[in-house]
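Step one of this worksheet: look at the structure below.
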Amino acid sequence: MRDLLELGAGQGRDSLYLARQGFRVLATDFAEAGVRAIREKAREGTRAGSLEASLHDCRDPLPFADASFDACYSHMLFCMALTTPQLERLSAEVHRVLRPGGLHVYTARSTADPDYGSGTAHGDDMYESSGFIVHFLSRELVERLARGYTLTEVAEFEEGDLPRRLFRVTQRKPAD
C-alpha cells in the first residue's frame, strides 16, 4: 500500500476513491465539517486504516515528518485564495514531506479559464465572484511552483458546465 496525502480534501470524494484503489490516504482540510464527513465515509466504505482525515490549514506548515508520503494530491486547492508566496511555501512543504521519487499531482484553474479577469480583482491573478476568490494560475507560475521537482506533465483540461479550464500538474521529487 502506498502512503498518499490529500490536501484540501473537502467532503472526501477523491479520498474515498483513492483509498478504494489501494492507497493509504491521509486527507486534510481546514473545515471541520469536511473532516467529519471524510471520517464517516471512511467508517462506512473503506478497509480499516486506509483512510484517515485531519484538520489542517494549508497556510501552516504541514504537521508531518520529512519523507512521510509517496504522493500528494489536491484538486483545485492551488486555486483557492492563496497568495503566490503562500503557494510557494505550500509547494516547498509538499516537497519536504514527499519521499524521494514521490509524486505531487494537483489541479488548478488556469489563466485560460473563461472567468479569468471577471469579478473584483484582488491582485496576484485572484478574482472574486459571488463572494468566492479564485487564484488563476499561469503556466509561468506552475513552472515556478515546480522548483525542486521534475515537472513531468502540465495537462490542460475542462471540467464542469461553465466549463472551467484547468491545469493538471504532475511533478516528481528527484530520487536521492
Side-chain angles (χ1 to χ4, degrees), residues 1-82 86-110 130-135 137 142 145-146 148-149 152-155 157-164 166-173 175:
M1 189 179 295
R2 296 287 207 168
D3 298 316
L4 184 139
L5 173 63
E6 183 180 6
L7 300 172
Q11 297 293 306
R13 175 196 68 183
D14 295 333
S15 312
L16 189 59
Y17 173 80
L18 292 163
R20 287 179 175 162
Q21 300 309 304
F23 291 95
R24 186 173 29 246
V25 178
L26 176 52
T28 65
D29 201 85
F30 78 102
E32 193 148 333
V35 170
R36 276 195 309 271
I38 294 168
R39 288 177 179 157
E40 183 62 31
K41 288 176 183 177
R43 279 192 293 276
E44 295 173 0
T46 64
R47 288 187 326 276
S50 65
L51 176 56
E52 297 178 19
S54 71
L55 198 59
H56 179 71
D57 185 331
C58 69
R59 294 171 294 191
D60 296 331
L62 294 171
F64 310 110
D66 294 359
S68 295
F69 298 95
D70 299 299
C72 180
Y73 168 78
S74 61
H75 179 58
M76 305 229 326
L77 174 71
F78 275 62
C79 59
M80 295 291 120
L82 300 168
Q86 288 171 326
L87 290 174
E88 289 172 329
R89 283 191 297 275
L90 178 58
S91 186
E93 275 295 286
V94 170
H95 188 275
R96 181 184 65 76
V97 301
L98 283 176
R99 294 182 180 120
L103 282 177
H104 180 201
V105 178
Y106 68 90
T107 63
R109 290 175 76 176
S110 79
S130 303
F132 191 75
I133 299 173
V134 176
H135 191 156
L137 275 62
V142 167
L145 295 175
Y149 295 93
T152 60
E153 182 182 35
V154 180
F157 70 101
E158 293 183 353
E159 179 179 87
D161 295 332
L162 294 177
R164 292 180 176 97
L166 294 97
F167 288 126
R168 183 184 61 247
V169 179
T170 305
Q171 49 196 23
R172 185 177 296 279
K173 180 177 180 175

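Counting begins at 1 with the first residue of the sequence.
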Taking the side chain as everything from C-beta on, heavy atoms only, tell me whether [X] gets closer than 4.5 Å to [Y].
X      : Y      : result
Leu103 : Thr170 : yes
Leu145 : Glu88  : yes
Thr107 : Phe157 : yes
Arg99  : Asp3   : yes
Leu7   : Val94  : yes
Cys58  : Met80  : no
Val97  : Cys72  : no
His95  : Gln171 : no

Find the distance between [atom1] ([X]) and [atom2] ([Y]) and round it off to the nearest 0.5 Å.
X      : Y      : atom1 : atom2 : result
Ser54  : Ile38  : OG    : CD1   : 9.0 Å
Arg172 : Thr152 : CZ    : OG1   : 6.5 Å
Asp70  : Arg24  : CG    : CZ    : 8.5 Å
Phe30  : Leu77  : CZ    : CG    : 9.5 Å
Ser50  : Leu4   : OG    : CG    : 12.0 Å
Tyr106 : Arg168 : OH    : CZ    : 12.5 Å

Closer than 3.5 angstrom, by distance alone: can the side chain of [X] be matched with the main-chain N or O of [Y] as a donor-acceptor pair?
X      : Y     : result
Ser68  : Leu98 : no
Glu6   : Ser15 : yes
Asp29  : Ala9  : yes
Lys173 : Ala67 : no

Problem set entry | Phe64 ring center near His56 ring center (under 6.0 Å) |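 No.
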Problem set entry | Whether over 12 other heavy atoms sit under 6.0 Å from Tyr17 OH |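 Incorrect, the count does not exceed 12.
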Nearest heavy-atom neighbours spanning [X] and [Y]:
X     : Y     : result
Leu51 : Ala42 : O-CB, 3.5 Å
Gln11 : Ala37 : OE1-CB, 3.2 Å
Ala31 : Leu55 : C-CD1, 3.7 Å

Exercise. Does the side chain to side chain contact (heavy atoms under 4.5 Å, CB included) test come out yes or no for Gln86 and Leu90, once each step is laid out?
Worked result: CA-CA 6 Å; Gln86 288 171 326; Leu90 178 58; over 6 Å; no
Exercise. Is it true that Glu93 and Arg89 have a side-chain N and a carboxylate O under 4.0 angstrom from each other?
Worked result: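 Judged by the 4.0 Å cut-off on N to carboxylate O distance, Glu93 and Arg89 do not form a salt bridge.
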Exercise. Using the ring of each side chain (for Trp, its six-membered ring), is His104 parallel, tilted or perpendicular to Tyr149, with breaks at 30° and 60°?
Worked result: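 Rings of His104 and Tyr149: tilted, as their planes differ by 30° to 60°.
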